[in-house]
Trainee: 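Okay, here's the structure, questions in a sec.
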Amino acid sequence: MNIENIIFIIIFLLSTLLFIKNLKRVIRNIKLGKSIDRSDNPKMRLKNMIRVALGQSKMVVRPIAGILHIIVYAGFIIINIEVLEIIIDGVFGTHRVFSFLGGFYNFLIGSFEILAILVLLSVIIYLTRRNIIKIKRFYNSEMKGWPTLDANLILIFEIFLMSAFLLMNASDLILQNRGFYQAAGYFPISSLIAPFFTDFSTEFLIFLERFSWWFHIIGIFAFLNYLVISKHLHILFAF
């Protein structure tokens, strides 16, 4: 275990403890309400949960916003399955520890990349609708101040996180081609970005890959803790 692994473990533990502390505060506040027995009609409740949380039925009432919301919500959740691999790599100093899955791993990474670019495009459209087109409902009195700032911060967070993910993969791909890393993963989007960096030295690409890796995972930890004070806490509590 080297110093990089130790630093990662410290950051991971601190961010996890902070999240647990803040989450306990939210749960404590929820428990101030009156307890109600919700064990009846389990099939109906499960059906509604799937329809509302997975199907995003409330969002698709507005088709454009609904489709964008589904892409951003589902994309962000699915992409972050890779966080498990990043955490294991960070703790043990491995690189793409799940690559032994072979073709399935290639499928996962390829799917994550496609989702990442869809999330990026959706977020850009969202920012444009909010701040340039200025759709009327975003300027109602209840949307002024913190709600608007919160929404923009979440969207900017998403841009940075998805960009770091794709940049990490692009530099990783070049390093794989140069034999620095073992070949692993399928990169349909990063392979389009990689040519812009092929003339750079291996040393710079190692730095870029590591910087993007650290930026992405620390950004995830920061995002997770930010959610607890954001109206977007439903990302965690919707189900």
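Along the sequence shown, residues carry numbers from 1.
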Trainee: In sequence, state the C-alpha distance, the side-chain angles, and the governing distance for Ser212 and Leu208, and then conclude on side chain to side chain contact (heavy atoms under 4.5 Å, CB included).
Mentor: CA-CA 6 Å; Ser212 301; Leu208 183 62; 4.2 Å; yes
Trainee: Please confirm whether the backbone N or O of Asn152 pairs with a side-chain atom of Arg130, one donor and one acceptor, at under 3.5 Å?
Mentor: no
Trainee: With the 4.5 Å side-chain cut-off for hydrophobic clustering, are Val97 and Phe107 part of the same group?
Mentor: yes
Trainee: Mind checking whether Ser15 and Phe19 have side chains closer than 4.5 Å, heavy atoms only?
Mentor: no
Trainee: Distance check, rounded to the nearest 0.5 Å: Ser111 atom OG versus Tyr186 atom OH?
Mentor: 10.0 Å
Trainee: In terms of side-chain heavy atoms, does Arg25 have a donor or acceptor partner in Asn22 at a distance below 3.5 Å?
Mentor: yes
Trainee: Decide side chain to side chain contact (heavy atoms under 4.5 Å, CB included) for Ile10 and Leu14; before the verdict, give the C-alpha distance in whole Å, the side-chain angles of both, and the deciding distance to 0.1 Å.
Mentor: CA-CA 6 Å; Ile10 292 171; Leu14 288 176; 3.8 Å; yes
Trainee: For Asn106 and Ala184, which heavy atoms make the closest approach, and how far apart are they?
Mentor: OD1-C, 4.3 Å
Trainee: I'd like to know if Leu149 and Val228 are part of one continuous hydrophobic network [Ile/Leu/Val/Met/Phe/Trp/Tyr, side-chain heavy atoms within less than 4.5 Å].
Mentor: yes
Trainee: With distance as the sole test, does Asp172 use its side chain to make a donor-acceptor pair with the main-chain N or O of Met168 at under 3.5 Å?
Mentor: no
Trainee: Please check if any side-chain donor atom of Glu113 sits under 3.5 Å from a side-chain acceptor atom of Ser190, or the reverse.
Mentor: yes
Trainee: Measure from the side-chain N and O atoms of His216 to the backbone N and O of Ala164, and report whether any donor-acceptor pair falls under 3.5 Å.
Mentor: no
Trainee: Heavy atoms, side chains only, cut-off 4.5 Å: are Ile154 and Phe223 in contact?
Mentor: yes
Trainee: Is there a donor-acceptor contact under 3.5 Å linking the side chains of Glu209 and Tyr181?
Mentor: yes
Trainee: Assess the pair Phe12 and Phe221: is the distance between their ring centroids shorter than 6.0 Å?
Mentor: yes
Trainee: Do Tyr226 and Asp150 have side-chain N/O donor and acceptor atoms under 3.5 Å apart?
Mentor: yes
Trainee: Quick check: are there more than 12 heavy atoms from other residues, nucleotides or ligands sitting under 6.0 Å from CZ of Phe100?
Mentor: yes
Trainee: Can you hop from Ile27 to Leu224 via hydrophobic side chains spaced under 4.5 Å?
Mentor: yes
Trainee: What's the shortest heavy-atom distance between Ile114 and Ile189, and which atoms?
Mentor: N-CG1, 4.2 Å
Trainee: Is there side-chain contact between Ile174 and Thr198, with at least one heavy-atom pair below 4.5 Å?
Mentor: yes
Trainee: What's the verdict on side chain to side chain contact (heavy atoms under 4.5 Å, CB included) for Ile11 and Ile7, showing C-alpha distance, side-chain angles and the deciding distance?
Mentor: CA-CA 6 Å; Ile11 293 173; Ile7 292 172; 3.8 Å; yes
Trainee: I'd like to know whether CZ of Phe204 has more than 12 heavy-atom contacts from other residues, nucleotides or ligands below 6.0 angstrom.
Mentor: yes
Trainee: Group every Ile, Leu, Val, Met, Phe, Trp and Tyr by side-chain heavy-atom contacts under 4.5 Å, then state whether Leu155 and Leu153 land in the same group.
Mentor: yes
Trainee: Of the non-hydrogen atoms in Phe165 and Ala116, which two are nearest, and what is the gap between them?
Mentor: CD2-CB, 3.8 Å
Trainee: Can you find a pair of side-chain heavy atoms, one from Phe187 and one from Gln176, that are under 4.5 Å apart?
Mentor: yes
Trainee: Less than 4.5 Å apart, side chain to side chain, heavy atoms only: is that true for Met162 and Val123?
Mentor: no
Trainee: With clusters defined by side-chain heavy atoms of hydrophobic residues (ILVMFWY) lying less than 4.5 Å apart, directly or transitively, does Ile109 cluster with Leu175?
Mentor: yes
Trainee: Should Phe98 and Phe104 count as side-chain neighbours, where that means a heavy-atom distance under 4.5 Å?
Mentor: no
Trainee: Work out which heavy atom in Asn5 is nearest to a heavy atom in Val91; give both atom names and the distance.
Mentor: CB-O, 3.7 Å
Trainee: Measure the OG-CZ distance between Ser201 and Arg178 for me, rounded to the nearest 0.5 Å.
Mentor: 7.5 Å
Trainee: Quick one: CG on Asp89 to CD1 on Ile217, what's the gap to the nearest 0.5 Å?
Mentor: 10.0 Å
Trainee: What heavy-atom pair brings Ile88 and Thr94 nearest, and what distance separates the two atoms?
Mentor: O-OG1, 3.9 Å
Trainee: Can you name the nearest heavy-atom pair linking Ala194 to Leu173, along with the distance?
Mentor: CB-CD2, 4.3 Å
Trainee: Trp214 versus Phe8: any side-chain heavy-atom pair under 4.5 Å?
Mentor: yes
Trainee: To the nearest 0.5 Å, what is the distance between OG1 (Thr16) and CG (Leu23)?
Mentor: 12.0 Å
Trainee: From Arg45 CZ over to Ser39 OG, what is the distance, rounded to the nearest 0.5 angstrom?
Mentor: 7.5 Å
Trainee: Are the side chains of Gln182 and His95 in contact, using a 4.5 Å heavy-atom criterion?
Mentor: no
Trainee: Looking only at side-chain N and O atoms, does Tyr105 offer a donor or acceptor that is under 3.5 Å from a partner on Arg96?
Mentor: yes
Trainee: If you round to the nearest 0.5 Å, how far is CD1 of Ile117 from CG of Leu115?
Mentor: 11.0 Å
